[in-house]
Protein chains: 2
Amino acid sequence: MPSVIRSPRTEQAYGKLKWEILQNHLPPGFQASEPEFALRLGMSRTPVREALLHLEADGLIEMKPRHGARVTPLSWNDMRDIYEILTTLEPEAAAAVAELKPDQKTLKPLSDATDGMEKALAKNDLDNWAAADDRFHRGLLRLQNNRRLTDFVTRLLDQSHRARMITLRMRNRPTQSTEDHRIILRHIENGEAGKAREMYRRHRERAASELLTLLQNYRLTAL
Amino acid sequence: MPSVIRSPRTEQAYGKLKWEILQNHLPPGFQASEPEFALRLGMSRTPVREALLHLEADGLIEMKPRHGARVTPLSWNDMRDIYEILTTLEPEAAAAVAELKPDQKTLKPLSDATDGMEKALAKNDLDNWAAADDRFHRGLLRLQNNRRLTDFVTRLLDQSHRARMITLRMRNRPTQSTEDHRIILRHIENGEAGKAREMYRRHRERAASELLTLLQNYRLTAL
DNA sequence: GCATGCATTAATGCATACATTAATTCGAAT
DNA sequence: ATTCGAATTAATGTATGCATTAATGCATGC
């Protein structure tokens, strides 16, 4: 439960900060003290501090003793680690969903997302393509029943979101990636767990290698 | 970074509470308000609350709006979910370590743990057996280089610790399990990633099935 | 007797004040 | 000029108090 916060202020602070971080509005490496964040957000330190601690647990903020809280910088090694885990866990999630033999209605979020990717690709609308891609991955997770898996992978997706956005316009047209999704969806529809797993793994391996190469070539990250 | 806390009080509260939960000193389902915990720990609500939030992120505490914080009850479904993920991730960790072709010195923590398991088994000393088993699993994790993987799996091991302790004396003599470790260690020593992965997977599958059966037969958990 | 609603009670959410501690700056001495 | 050290500054850690809000119990009416 990465986002299970209930109190208005804390929730507000958490939501706003997370949003601004993921949008690169608060850029990687941005640093400020608790009082500064509190001032920015128009509330006292208490809820802000709580939100910052949550974001630290999410891996989006790093709190260093006397240097304030800083937005986690993009790191090549972090991205490698994250994609390594995604490459292991997401295929298992896909297989688990396939095992459930879900009906078309259950799979609607996934087919919608896949449609969205194809349409956006046809229009060369990268932003909508990325959004649909994201919906697919998160939608798939939600269809399997292991809550901890959902939460953890969701956190990893959040942690790697900025890197994906930054590299979005450096990639070639994501034709292959879009096709991958269609095929994975078909395997899931057919209840073929093994094929879904294997296809998802290859999808993630390709995505990882692409992303890491881009980050490296363009010196976009620390480390 | 499950335990990255630095302030004396918060750290103290976190450490003490975590310890007492894992020792079943604060039993599953135990519930108290923040002021009560604060009183128990001899400090104000602030650091206690922070510690409780950390423990909630660790999955050991659940905070319900007006009902105080309660020690997460043991749940069969949670254990199933946890072991499902462990069965996926730990074998990958073992394979990753094998790939590193570590020397004997690096592997000393693992061989020590394995020795400890065998010795404890010979003496029928279940407590030390379990402790050595735990050292093996955590030691292996530390040898691979993906920090996020280490932290997440460590959390899962913590979350399942109480269930393991409770079922410890209901199991048959853990002969098979001890042998598994020896074999896994050998595969790692030989740098045979595939074999290490496969053996670890079978080890975890067996462990999961044993644990879940015991919990079910003895109605030890909620749900 | 039961249900509804209000009052009471207590916990949490949040703000603030104070204590502690570390970084930084400035000055003095070598 | 450089280095050491003390004083200042500012951030974090912690305590506390107040506001808010939900749960509980009681009373009242049906």
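By convention in this document, chain letters (A, B, ...) are assigned in the order of the sequence lines, proteins followed by strands, and residues within each chain are numbered from 1. Hydrogens, waters and symmetry mates play no part in the numbers below; they use all other heavy atoms, side chains included.
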Exercise. When the distance from CE of A:M43 to P of C:dC14 is rounded to whole Å, what number comes out?
Worked result: 8 Å
For this session: Whole angstrom is fine here: how far is it from CE in B:M63 over to C1' in C:dG13?
Result: 11 Å
Exercise. Going by atom types only, do B:D58 and B:Y14 share a side-chain donor-acceptor pair under 3.5 Å?
Worked result: yes
Problem set entry | Nearest listed nucleotide, side chain of B:S33, among C:dA11, C:dG13, C:dA15 | C:dA11
Problem set entry | Below 4.0 Å: OP1/OP2 of D:dT14 and any side-chain N or O of B:R49 | no
Problem set entry | Ion pair check, A:R155 and A:D151, cut-off under 4.0 Å | no
Exercise. Which sits closer to the 5' end of DNA chain C, B:H67 or A:P47, going by the nucleotide each is nearest to?
Worked result: B:H67
Exercise. How about B:Y200 and B:H137: does a side-chain donor come under 3.5 Å of a side-chain acceptor?
Worked result: yes
Problem set entry | Interatomic distance where CD belongs to B:E56 and C1' belongs to C:dT12 [whole Å] | 14 Å
Exercise. Should A:T46 be listed as having a side-chain N or O under 4.0 Å from OP1 or OP2 of C:dT16?
Worked result: no
Exercise. Think A:R45 has a side-chain N or O under 4.0 angstrom from the OP1 or OP2 of C:dA17?
Worked result: no
Exercise. Is there a donor and acceptor pair closer than 3.5 Å between the side chain of B:R66 and the base of C:dA11?
Worked result: yes
Exercise. Strictly by modelled atom types, are B:E36 and B:S33 linked by a side-chain donor-acceptor pair under 3.5 Å?
Worked result: yes
